[in-house]
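Taking it in order: structure first as structure tokens, then the write-up.
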Amino acid sequence: MAKINGNEIRPGNILEHDGGLWVAVKVSHVKPGKGGAFAQVEMKNLRNGTKLNERFRSADKVERVRLEQKDQQFLYETDGMLVFMDAATYEQTELPADILGDRRPFLQDGMTIKVEYYDEEALNAQLPDKVTCTISETEPAVKGQTAANSFKPAVLDNGVRIMVPPFVGEGEAVVVSTETMDYVERA
């Protein structure tokens with residue numbers, strides 16, 4: 001593991017702090033008029049989900065942890081747990097369903113995702129950047145409504161509501177960003 005200075009912390013970094021593993025959610029660098037500069041870091045515990053705000057001065061040393069990523073296939077959900085399988089070893093791993101948050105509906109049967117491990121403990125799961133979904137309902141295109149920035153509401157086959165361009169109709173497959181939950185393009 002590598003030690004980094006407090007001013008080198010970036011959002012998404014995994015840190016070992018106070019005996020726990022934390023992911024840096026927000027980082028803001030503050031230079032007060034009096035005293036030394038510091039990084040105000042909002043962190044989330046990877047094991048239990050608690051949040052913590054901490055100040056790190058540039059002289060403070062923090063342990064940065066690198067998680068091992070393995071491609072795993074989603075099998076099913078049971079009792080609030082998502083079950084994944086390693087395609088090489090057929091070993092199954094369980095993670096809580098709320099680990100994906102709002103992005104949970106984008107997880108499809110048989111989808112390959114990245115599961116992050118610390119030693120042998122599964123801590124996190126990352127969906128692909130883009131997924132293909134089908135439009136289950138949307139309004140028909142209004143003739144003459146072809147302005148460059150006009151969008152209309154649509155519901156995907158997984159129940160998520162997004163905004164799509166007027167030329168996209170029901171039953172069409174579209175590519176959606178899992179990070180921003182926005183329409184990207186037609187599939």
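Every heavy atom of this structure was used, including side-chain atoms; hydrogens, water molecules and symmetry mates were not. Owing to the predicted nature of the structure, the values given are computational and were not obtained by experimental measurement. Residue numbers count from 1 along this sequence.
Remark: Tyr183 pairs with no residue by the ring pair (Phe, Tyr, Trp, His ring centres under 6.0 Å) rule, at least two apart or across chains. Residues passing the ring pair (Phe, Tyr, Trp, His ring centres under 6.0 Å) test with Phe56, sequence neighbours excluded: His17. Residues satisfying the salt bridge (Lys or Arg N to Asp or Glu O under 4.0 Å) criterion with Arg186, sequence neighbours excluded, are Glu172. With sequence neighbours left out, the side chain to side chain donor-acceptor pair (under 3.5 Å) criterion links Thr50 to Asn48. Partners of Thr132 by side chain to side chain contact (heavy atoms under 4.5 Å, CB included), not counting sequence neighbours, listed by chain and number: Ala173, Val175, Ala187. Partners of Gln73 according to the side chain to side chain contact (heavy atoms under 4.5 Å, CB included) rule, which considers only residues two or more places apart in sequence or in another chain, are Met85. Applying the side chain to side chain contact (heavy atoms under 4.5 Å, CB included) criterion to Ser58, with sequence neighbours excluded, gives Asn7.
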Check: residues 87-94 side-chain donor-acceptor pairs under 3.5 Å, at least two apart:
| residue | atom | partner | partner atom | Å |
| --- | --- | --- | --- | --- |
| Thr89 | OG1 | Glu91 | N | 3.3 |
| Thr93 | OG1 | Gln72 | OE1 | 3.4 |
| Thr93 | OG1 | Tyr117 | OH | 2.9 |

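Listed by first and then second residue, the salt bridge (charged side-chain N to carboxylate O under 4.0 Å, His left out) pairs that reach into residues 116-135 are Arg47-Glu121, sequence neighbours excluded. Applying the side chain to side chain donor-acceptor pair (under 3.5 Å) test to residues at least two apart or on different chains, the pairs with a partner in residues 95-105 are Glu77-Arg104. Counting only residues at least two apart or in different chains, side chain to side chain donor-acceptor pair (under 3.5 Å) contacts with residues 156-167 are absent. Residue pairs satisfying the ring-ring contact (aromatic ring centres under 6.0 Å, His included) criterion with at least one member in residues 23-47, sequence neighbours excluded, are absent.
At least one side-chain heavy atom of Leu156 sits less than 4.5 Å from a side-chain heavy atom of Val174.
Lys152 places a side-chain N or O within donor-acceptor distance of the main-chain N or O of Pro166, the cut-off being under 3.5 Å. With Ser177 contributing its side chain and Asp182 its backbone, the two residues share no donor-acceptor pair below 3.5 Å.
Taking a 6.0 Å sphere around NZ of Lys70, one finds it holds more than 12 heavy atoms contributed by other residues, nucleotides or ligands.
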